[in-house]
Amino acid sequence: MHRVQAHKFLDLASSTHSNGSSGSGISRRNLLKTAGAVAATTAMAPHALARNFGDDAEPIRYPEPDVVQLDPRFTAKIGNTPIVRLHTGTLWAEGPAWNGVGRYLVWSDIPGNEQLRWLEEDEHVSRQFRYPSRNSNGNTFDWEGRQITCEHETRRVVRYEHDGSVTQLAGPENGQEFNAPNDVVVHREDGSIWFTDPGYGSLLDYEGTEADTGSPQPYRKEAVYRIDPQTGNVAKVADEPFKPNGLCFSPDFSILYVADTGATHYSEAEKIIWAYDVDGDTLKNPRTFADMTLDDQAGLADGIDCDEDGNVWSSAGWVGDGYDGVHIFAPNGDRIGQIRLPEICSNLCFGGSKRNRLFMTGSQSLYAVYVLTHGAHAMGA
C-alpha cells in the first residue's frame, strides 16, 4: 500500500471507530468494509475510474471529453460525435486496414491466430475472416485492392490475390531469414512495398514461433525493408531504429515515419518516432520526428498513420489512464492532440466511406471516432 493510500485507510478507520464501533477498536466487519472502500478508490483506481464502454455505459455528454485539443493546430475534433467501441474480446488486436471497395475494416488478433472483419453497412463483425492467420500482425491494401499481410509465424510478407491464392512477397521461401515482419505500407507512385522487421513474433510462442537464439534479434539486426514492385527484390533501407515498428508515408510520399519500440529490449533506445526523406528506392537523413514523453512520462508509439494535412496520428500505450490512446503530432513534431482510451492502443488507420473515421485497435477492443480530417491515402480503392 502506498503512503497516501495508507493515510486514507487510517483516516477511514478512525472515522469508523469514532462513529459508533463498539469496544476498544473497530469491528472486523467495519475494518473489512473500510479496506474494501480503500481498494475500490486506490489500488483498483485504474479499473474503477477508466471509461466504461460496455452495454450499461451512460451516454457521453458532447463534446467528447476524451478527444483533447492540446494546441490550436489540432482542428480535427467534431463537437457532436463520440468514441465508440465496435468490438471487444481479442487478446492483442493489431493491424487495422481499410478496404475502400468492400467498405470493410480488417484487423488481426495475433495470439488468437485470426483476422477479423468489420462491415460498414451493418457493423457486423466476422470472426475468423482468415483463420489460421499465421499469427498475422500488420495489414494494408495495395492500389489494386489486394490485401498485404505480415505473418509472424512464417516470418514472411504475403499478398492475397483476387483469385484467393496467396503470394509470398518476402520470406524464407525466397531464401530470406527475417525476424518476424510487423507492419507494412505501399508507395502510391511506384507500388513498392515497405515493411518493418522488429522481431517480436519470434521472441515468444504467444505471438508466433519462439526462436532459440536467446537474442532480442532472433535472426538478424532489426531493420526497415523495401520490396521492388518490378523485380521482387528485397532491400534493407534503414536500421537506425532499435526495433522499427509502425510506419507511414507523408501525404506526398516524401517522408517515411517509423515508430521505434526498441525500449522494450534495449535500455539505450529512445521512445521516439523517426523521420526519413524518401529518395526513390532509398531513405536519407534519419532524424527524430517526435518524442513520446508527455508530462515526464514516456510510453511507446506503435502503429501510425498520416492525415491529409500532414499530421501524424500515433497509437500510444504502456503508461496508463490519461496517456494511453492516440497522440497527434503536427508536421513539425509538436504534440497537438490526444484521444484517450481505457486500453493500450496498438495501432490505427483512417477509413470509412469518406476516410474521415479513425479506427483504433486497443489491445482487446476495436474503437472508432469520426474526425474533421481525412486519411492521407485511400488504400484498397
Side-chain angles (χ1 to χ4, degrees), residues 67-77 94-98 138 140 182-188 194-196 198 224 238 240-241 243-262 270-278 283 285-294 298-319 323-341 344-351 355-361 367 369 371-379:
V67 177
V68 182
Q69 183 188 59
L70 302 176
D71 183 285
R73 286 172 288 178
F74 181 61
T75 59
K77 179 172 180 175
E94 255 283 10
W98 179 257
T140 192
N182 188 285
D183 208 351
V184 58
V185 292
V186 181
H187 195 294
R188 180 180 61 200
W194 305 62
F195 69 93
T196 58
V224 182
E240 290 83 6
K243 281 194 176 293
N245 205 310
L247 73 171
C248 70
F249 285 109
S250 62
D252 62 0
F253 289 87
S254 65
I255 301 173
L256 180 70
Y257 299 101
V258 181
D260 192 344
T261 55
E270 296 181 282
K271 299 174 180 179
I272 60 173
I273 300 173
W274 293 77
Y276 292 86
D277 295 329
V278 180
L283 297 178
N285 190 24
R287 59 197 181 273
T288 297
F289 165 70
D291 190 303
M292 293 305 293
T293 303
L294 174 65
L300 296 175
D302 196 332
I304 53 179
D305 205 352
C306 205
D307 69 23
E308 60 188 350
D309 300 313
N311 300 309
V312 175
W313 299 60
S314 173
S315 66
W318 304 101
V319 171
Y323 183 98
D324 294 356
V326 176
H327 294 195
I328 302 97
F329 298 92
N332 71 343
D334 291 343
R335 183 184 281 100
I336 59 175
Q338 271 187 280
I339 299 174
R340 299 182 300 220
L341 295 178
I344 294 164
C345 186
S346 64
N347 211 329
L348 51 82
C349 76
F350 289 95
R355 289 186 294 118
N356 66 336
R357 200 174 192 188
L358 185 73
F359 293 90
M360 302 161 280
T361 47
Y367 298 89
V369 64
V371 290
L372 199 60
T373 188
H374 304 87
H377 310 300
M379 306 304 293

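The basis for the numbers below is simple: all heavy atoms, side chains too, and nothing from hydrogens, waters or symmetry mates.
Remark: Pro331 pairs with Asn311 by the side-chain contact (heavy atoms from CB on, under 4.5 Å) rule, at least two apart or across chains. Every residue meeting the ring-ring contact (aromatic ring centres under 6.0 Å, His included) condition with His187, not counting sequence neighbours, appears here in chain and number order: Phe249, Phe253. Partners of Arg340 under the side-chain contact (heavy atoms from CB on, under 4.5 Å) rule, at least two apart in sequence or in another chain, are Asp66, Val68, Gln338. Every residue two or more places apart in sequence or in another chain that forms a salt bridge (Lys or Arg N to Asp or Glu O under 4.0 Å) with Asp277 is listed here: Arg287. Annotation: side-chain hydrogen bond (donor to acceptor under 3.5 Å, both in side chains) contacts of Thr361 (sequence neighbours excluded): Ser346. Partners of Thr293 by side-chain hydrogen bond (donor to acceptor under 3.5 Å, both in side chains), not counting sequence neighbours, listed by chain and number: Asp291. Not a single side-chain hydrogen bond (donor to acceptor under 3.5 Å, both in side chains) links Asp324 to another residue, sequence neighbours left out. With sequence neighbours excluded, the residues that form a salt bridge (Lys or Arg N to Asp or Glu O under 4.0 Å) with Asp71 are Arg73. Residues satisfying the salt bridge (Lys or Arg N to Asp or Glu O under 4.0 Å) criterion with Asp252, sequence neighbours excluded, are absent altogether. Judged as a ring-ring contact (aromatic ring centres under 6.0 Å, His included), and not counting sequence neighbours, the contacts of Phe289 are Tyr257. Evaluation of the ring-ring contact (aromatic ring centres under 6.0 Å, His included) rule for Trp274 yields no partner, not counting sequence neighbours. The side-chain hydrogen bond (donor to acceptor under 3.5 Å, both in side chains) search around Glu240 returns Tyr276, not counting sequence neighbours.
Lys271 contributes no side-chain N or O that, together with a main-chain N or O of Leu300, makes up a donor-acceptor pair within less than 3.5 Å. At distances below 3.5 Å, at least one donor-acceptor pair connects side-chain atoms of Gln69 with backbone N or O atoms of Phe74. Remark: side-chain polar atoms of Asp260 are paired, donor with acceptor, to backbone N or O of Lys243 under 3.5 angstrom.
Between Ala290 and Gly333, the shortest heavy-atom distance links the atoms CB-O, 3.9 Å. The two residues Gly138 and Asp183 come nearest to each other via the heavy atoms CA-OD1, 3.8 Å. Of all the heavy atoms in Val185 and Leu256, the pair that sits closest is CG2-CD1, 4.5 Å. Pro244 and Val258 get closest at one heavy-atom pair: CB-CG1, 3.7 Å. Annotation for Ser315 and Cys345: closest pair CB-O, 3.4 Å, computed over non-hydrogen atoms. Counting all heavy atoms, side chain and backbone alike, Pro251 lies closest to Arg188 at O-NH2, 4.1 Å.
In this structure, Tyr323 has its ring center no closer than 6.0 Å to that of Trp318. You'll find the ring centres of Trp98 and Phe359 inside the 6.0 Å limit.
Considering CZ of Phe350 and CZ of Arg355, their distance stands at 10.0 Å, rounded to 0.5 Å. Taken to the nearest 0.5 Å, the CD1 atom of Ile328 stands 9.0 Å off from the OG atom of Ser314. In this structure, Asp309 CG and Ser250 OG are separated by 12.5 Å, a value rounded to the nearest 0.5 Å. Here Cys306 contributes atom SG and His377 contributes atom NE2; the two are 6.0 Å apart, rounded to the nearest 0.5 Å.
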Pair Arg357, Val371 - check side chain to side chain contact (heavy atoms under 4.5 Å, CB included), show working. CA-CA 6 Å; Arg357 200 174 192 188; Val371 290; over 6 Å; no
If you apply the rule side chain to side chain contact (heavy atoms under 4.5 Å, CB included), what do you find for Val369 with Met360, and how did you get there? CA-CA 9 Å; Val369 64; Met360 302 161 280; 3.9 Å; yes
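Side-chain contact check for Leu283 versus Val278: some heavy-atom pair is nearer than 4.5 Å. Under the 4.5 Å side-chain criterion, counting only non-hydrogen atoms from C-beta, Phe195 is not in contact with Asn182. Contact of the Glu308 side chain with the Thr373 side chain is registered, since non-hydrogen atoms from C-beta on lie closer than 4.5 Å. Using a 4.5 Å heavy-atom threshold, the side chains of Ile304 and Ile273 count as touching. Ile336 places none of its side-chain heavy atoms less than 4.5 Å from the side chain of Leu70. At a threshold of 4.5 Å between non-hydrogen side-chain atoms, the residues Leu372 and Asn356 do not count as touching.
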